[in-house]
Q: 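Have a look at the structure that comes next, please.
All values reported here derive from a predicted model rather than from experimental measurement. Labels below follow one simple rule: chain letters A, B, ... track the order of the sequence lines, proteins then strands, and each chain is numbered from 1.
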Amino acid sequence: MRLAPSPTGFVHIGNVLVALVDAAIARKYGGTFVIRIEDTDQKRFLEGAEQLIYDSLAWLGIEWQEGPDRGGPFAPYKQSERLPRYRAFAEQLVDEGTAYRCWCSPERLDEMRKAQQADKLPPKYDRMCLGKSETERQAFGGYTERSVIRLRMPDHGHTTFVDPIRGEMSFENALLDDRVLLKSDGFPTYNLAVVVDDHEMKITHVIRGEEWLPSTPAHLRVYEALAWKPPVIAHTPLLLNADRGKISKRKHPWANMGWFQEEGFLAEAVLNYLGNLIAFIPDTDNPQQGVARELFGFPEIAEHFELGSIGPSGKVVDLDRLDWLNGQYIRRMSLGELARRVGPFMTAAGLDIESPIFMGALALEQERLKRLSEAPAVLSIFFKEEEYPAQMLVPKGVAPNDARSMLDGAISVCAGVAASGNWSAASLEAPFRDLAISLDLTTGKQRGQLFGVVRVASTGRTATPPLFDTMAVLGADTILRRLAHASVLLSGLGA
RNA sequence: GGCGCGUUCGUCUAGCGGCCUAGGACACCUCCCUCUCAAGGAGGAGACCACGGGUUCGAAUCCCGUACGCGCUACCA
C-alpha cells in the first residue's frame, strides 16, 4: 500500500482520507504503508511542504512504515532522486514500439485540441509524429526541437480492470489519448513514474482519488508493455462541499488539513469523522441490526475496514457533525488534558493559563465547548472585565427600579457571604434564594430575572455557566467589584 | 464537446432478492431537566430508495435506458 502525495505546500483533506485507507488496510492485513514523495513537477515544488505531510499524518496518528523520512528497502522514496530509471524505461518502450517521440509544439497541440472540441471529436493526440523520424517530422508545421515520449495506446478493444471499490471498469481504447510519459525536461510524468516506482517498490495496492480513474488505462498499458503484473488499483470517492462541488483550496479553508488544527478540532474527532466515511463500525452494545457505533478510533477502523465497504459516491463534508464529534471528545477528556490542549489557544489570545482560576473556569466550560478555538472567547469573562451596555442589566419585563433593588440586594448578600469567609456556590445559592423571597420574587421566572441581573453584573453576559458556580470561581473580590461597577451603570440609567 | 464514474432522509450511512409500511447518526422541531447557555433524557418531522422500463412469485437490492451531479480531457499531480 502506498500514499504518494505531492509536496505542493498544503495537505489536502482528500489526501488524508486516502492515507487513512492505506493505513487501515496495512494494519488489517499486516501490510506495509509506504509514503513516496512525487515531486516530478519542478514548477510546483515548495520548500517545507514535505514535512507538512508527515506532520499532518502524525498529528492524526496515522502511521507509515517506509518513506523518505524513515528509509526502507526500496529507497530512495522521492521521485526526484530516482530520475535515471524512468528515462531508461521510456527509451525501452520507444525501442519496443509501445511509445514514440513527439516533437509537436504546445501551440500546435493547443490548436489541435480546440479543433477537436469544435468538431465534437474525442480529445486525443492526433499522432502526427507517430512513425516519423525527427528529420521527417521537421518537414511539417508545429515542430519544436525538444521532444517528449508518448505512450501509444491500442487502436481497438477495451481496457477493463476491477476496482475493488467500484467493481468492473471499462474504457474503449480507441478513445484513449496517447499520454506523455517523459517530458521534454527529462522528467517523467506521473503516469510513467507511478508505474515504475510501484513496480520497483513491490506495491500491491494502489489507493488514490477518483480523479485518477481516467488515467488508469494508460498505467495498465505501461504495465502490459513492460510485462509487469499490475497492482490492485482502487479509487476513493472525492470529498465534496455542501454545493456538491469539490472542495477547493480557495473557497473552503477545510480543504487544508492544517485548518482543522487551527480551528481547534481534536485529532481524535477528525480521524473519527473520516473513519465514518470509509468504514461502518457496528454498535456491539445495541442488539438492533444496522446501528453504527459513533465514537471510535483507528483500531476499530482498521478492524472493520474493507475496500468494498467504502461507498463509491462523493462525500459532502459535514462540519456540523465534526463539531458534534469534537464536543463528544472534549467532554470525555480529563480536565488536565483539556487544559493542555486549550493552552495554546488561550496564550495566543493573551489569556494567562497560569491564573489560579483557569482550571476552575475551564471545568465550567468543558461541556460547552465544541472547538478548542472557542475557549478564549467564552473564558475571557474569567480573566478580564468587559464592557457591556447598561441596558443589559435590566431584563425584559423588569422595571429599572426593580433591577436596582435586585442588584442592591445582591451586593449585600455577596458582602455578607464574603465576610463569612466561606465563598462557594453552595454558600451563595441559599442566601440568594432568600433574597428572592424577600423581594417577593416567588415564581421561577421571577427568580430567573433576579439571577439574570446578577449574571450580567458579574460577567457582562446573558449566557454563562451556572451562576453560582461562576461566581464561586471568580471570587468574592472580583464579584463585589463588578457588582459595584454595575451599580454605577444602573445609576446612569436613572435607576 | 468527448470519455468515465456516481445517484437511499438536508448531510453521512445501514441495506448486498422476501426480516423494509427502509434502521442509525448529525442538523432541525417539541417536551423534560433548569437561574441563562450548554450537556443530558424523551419524542417528532424528514427518503414514493433520481426517473422510466425490464428480469423475478417477489427489487432499494439484478439488467437496460434517461436525467442530473461530479471527475478527467496538460510536457500538474
Q: Run the side-chain hydrogen bond (donor to acceptor under 3.5 Å, both in side chains) test on A/Tyr86 and A/Asp197 for me, step by step, so that the C-alpha distance in whole Å, both residues' side-chain angles and the decisive distance to 0.1 Å come before the verdict.
A: CA-CA 9 Å; A/Tyr86 308 123; A/Asp197 289 340; 2.7 Å; yes

Q: Suppose we define a pair by two distances each less than 3.5 Å, Watson-Crick or G-U wobble; what does B/G69 pair with here?
A: B/C5

Q: Given the ring of A/Phe265, does A/Arg371 sit roughly above its face, with NZ or CZ under 6.0 Å from the centre of the six-membered ring and within 45° of the axis?
A: no

Q: Starting at CD1 of A/Ile330 and ending at P of B/G40, how long is that distance when rounded to a whole Å?
A: 13 Å

Q: Could you tell me the Watson-Crick or G-U partner of B/A59, where both distances fall under 3.5 Å? Say none if there is no partner.
A: none

Q: Could you tell me how far B/C51 sits from B/C68 if I compare only their C1' atoms? Round to whole Å.
A: 10 Å

Q: If you check the A/Pro123 side chain, which of B/U36, B/U73, B/C75 turns out closest?
A: B/U73

Q: So what does A/Lys124 hit on the nucleic acid, given a heavy-atom distance under 4.0 Å: a base, only sugar-phosphate, or nothing?
A: nothing

Q: Sticking with atom P, work out how far B/A59 lies from B/G40, rounded to a whole angstrom.
A: 42 Å

Q: Can you list everything that forms a side-chain contact (heavy atoms from CB on, under 4.5 Å) with A/Leu335? Sequence neighbours excluded, please.
A: A/Met359, A/Leu362, A/Ala363, A/Gln366

Q: Work out how far the P atom of B/U73 is from that of B/C28, and round it to whole angstrom.
A: 40 Å

Q: Report all interatomic pairs (protein N or O, nucleotide N or O of nucleotides 3-11 of chain B) with separations under 3.5 Å.
A:
from, atom 1, to, atom 2, distance (Å)
B/C5, O2', A/Arg166, NH1, 2.6

Q: Watson-Crick or G-U wobble partner for B/A14, using a 3.5 Å limit on both distances?
A: none

Q: Using a 4.0 Å heavy-atom cut-off across all strands, classify A/Gln446 as base, sugar-phosphate, or nothing.
A: nothing

Q: Applying a 4.0 Å non-hydrogen cut-off, can you work out what A/Leu238 is touching in the nucleic acid: base, sugar-phosphate, or nothing?
A: sugar-phosphate

Q: Hey, does the side chain of A/Thr40 come within less than 4.0 Å of B/A77's phosphate (OP1/OP2), counting only N and O?
A: yes

Q: Counting only side-chain nitrogens and oxygens, does A/Arg150 get under 4.0 Å of the OP1 or OP2 atom of B/C75?
A: yes

Q: Taking the six-membered ring for Trp, are the ring centroids of A/His199 and A/Phe89 within less than 6.0 Å of each other?
A: no

Q: Whole angstrom is fine here: how far is it from NE2 in A/His219 over to C1' in B/C72?
A: 12 Å

Q: If the cut-off is 4.0 Å, is A/Gln289 near the phosphate of B/C16, judged by side-chain N/O to OP1 or OP2?
A: no

Q: Mind calculating the distance between NE2 (A/His235) and P (B/C70) to the nearest angstrom?
A: 20 Å

Q: Contact class for A/Ser184 (heavy atom, under 4.0 Å): base, sugar-phosphate, or nothing?
A: base

Q: What nucleic acid atoms does A/Val148 come within less than 4.0 Å of, heavy atoms only: base, sugar-phosphate, or nothing?
A: base

Q: Which atom pairs link the protein and nucleotides 31-35 of chain B when you take only N or O atoms and keep those under 3.5 Å?
A:
from, atom 1, to, atom 2, distance (Å)
B/C35, OP1, A/Arg433, NH2, 3.1
B/C35, O2, A/Arg455, NH1, 3.3
B/C35, O2, A/Arg455, NH2, 2.5
B/C35, N3, A/Leu467, N, 3.1

Q: Please report the distance separating the P of B/C62 from the corresponding atom of B/G18, rounded so that it comes out in whole Å.
A: 12 Å

Q: Would you mind classifying the nucleic acid contact of A/Pro188 as base, sugar-phosphate or nothing, using non-hydrogen atoms under 4.0 angstrom?
A: sugar-phosphate

Q: Which residue, A/Leu109 or A/Leu240, contacts RNA chain B at a nucleotide closer to its 5' end, judged by nearest heavy atom?
A: A/Leu240

Q: For atom P, what is the distance between B/G65 and B/U11, given to the nearest Å?
A: 27 Å

Q: Taking only residues two or more places apart in sequence or in another chain, which ones pass side-chain hydrogen bond (donor to acceptor under 3.5 Å, both in side chains) with A/Arg152?
A: none

Q: Side chains of A/Lys249 and A/Asn256: does their closest heavy-atom pair fall under 4.5 Å?
A: no

Q: If you draw a 6.0 Å radius around CD in A/Glu145, do more than 12 non-hydrogen atoms from other residues or ligands fall strictly inside?
A: no

Q: A/Gln117 near the nucleic acid: base, sugar-phosphate alone, or nothing, with a heavy-atom cut-off under 4.0 Å?
A: base

Q: Going by the ring pair (Phe, Tyr, Trp, His ring centres under 6.0 Å) test, which pairs reach into residues 445-473 of chain A, not counting sequence neighbours?
A: A/Phe432-A/Phe468, A/Phe451-A/Phe468

Q: Could you identify the nucleotide paired to B/C19, looking across every strand shown and requiring Watson-Crick or G-U wobble geometry with both distances under 3.5 Å?
A: none

Q: Tell me what A/Arg331 touches on the nucleic acid: a base, only sugar-phosphate, or nothing, going by heavy atoms under 4.0 Å.
A: sugar-phosphate

Q: If we only count heavy atoms from C-beta on, is the A/Leu435 to A/Leu450 side-chain gap below 4.5 Å?
A: yes

Q: B/C5 and B/G44: how far apart are their C1' atoms, nearest whole angstrom?
A: 38 Å

Q: Which salt bridge (charged side-chain N to carboxylate O under 4.0 Å, His left out) pairs, counting each pair once, include a residue from residues 107-123 of chain A, with sequence neighbours left out?
A: A/Arg108-A/Asp126, A/Asp110-A/Lys114

Q: Between A/Arg113 (CZ) and B/G2 (P), how many Å, whole number?
A: 18 Å

Q: Using the side-chain hydrogen bond (donor to acceptor under 3.5 Å, both in side chains) rule, take A/Ser380 and A/Arg461 through it: C-alpha gap first, then chi angles, then the decisive distance, then the call.
A: CA-CA 11 Å; A/Ser380 67; A/Arg461 299 199 187 165; 2.9 Å; yes

Q: Checking base pairs now: Watson-Crick or wobble, both atom distances under 3.5 Å. What partners B/C37?
A: none

Q: How close or far is atom P of B/A74 from atom CE of A/Met112, stated in whole angstroms?
A: 8 Å

Q: What's the CG-C1' distance between A/Asp285 and B/G24, to the nearest Å?
A: 14 Å

Q: Rounded to whole angstroms, how far apart are CG on A/Leu239 and P on B/G69?
A: 21 Å

Q: Between B/C16 and B/U21, how far is it from one P atom to the other, in whole Å?
A: 14 Å

Q: Starting at atom CD of A/Glu294, determine the distance to atom P of B/G23, rounded to an integer number of angstrom.
A: 16 Å

Q: Just N and O in the side chain of A/Arg179: are any of them under 4.0 Å from OP1 or OP2 of B/C72?
A: no

Q: What I want to check is whether the side chains of A/Asn173 and A/His158 have a donor and an acceptor closer together than 3.5 Å.
A: no

Q: For nucleotides B/A14 and B/C70, find the distance between their C1' atoms and express it as a whole number of Å.
A: 24 Å

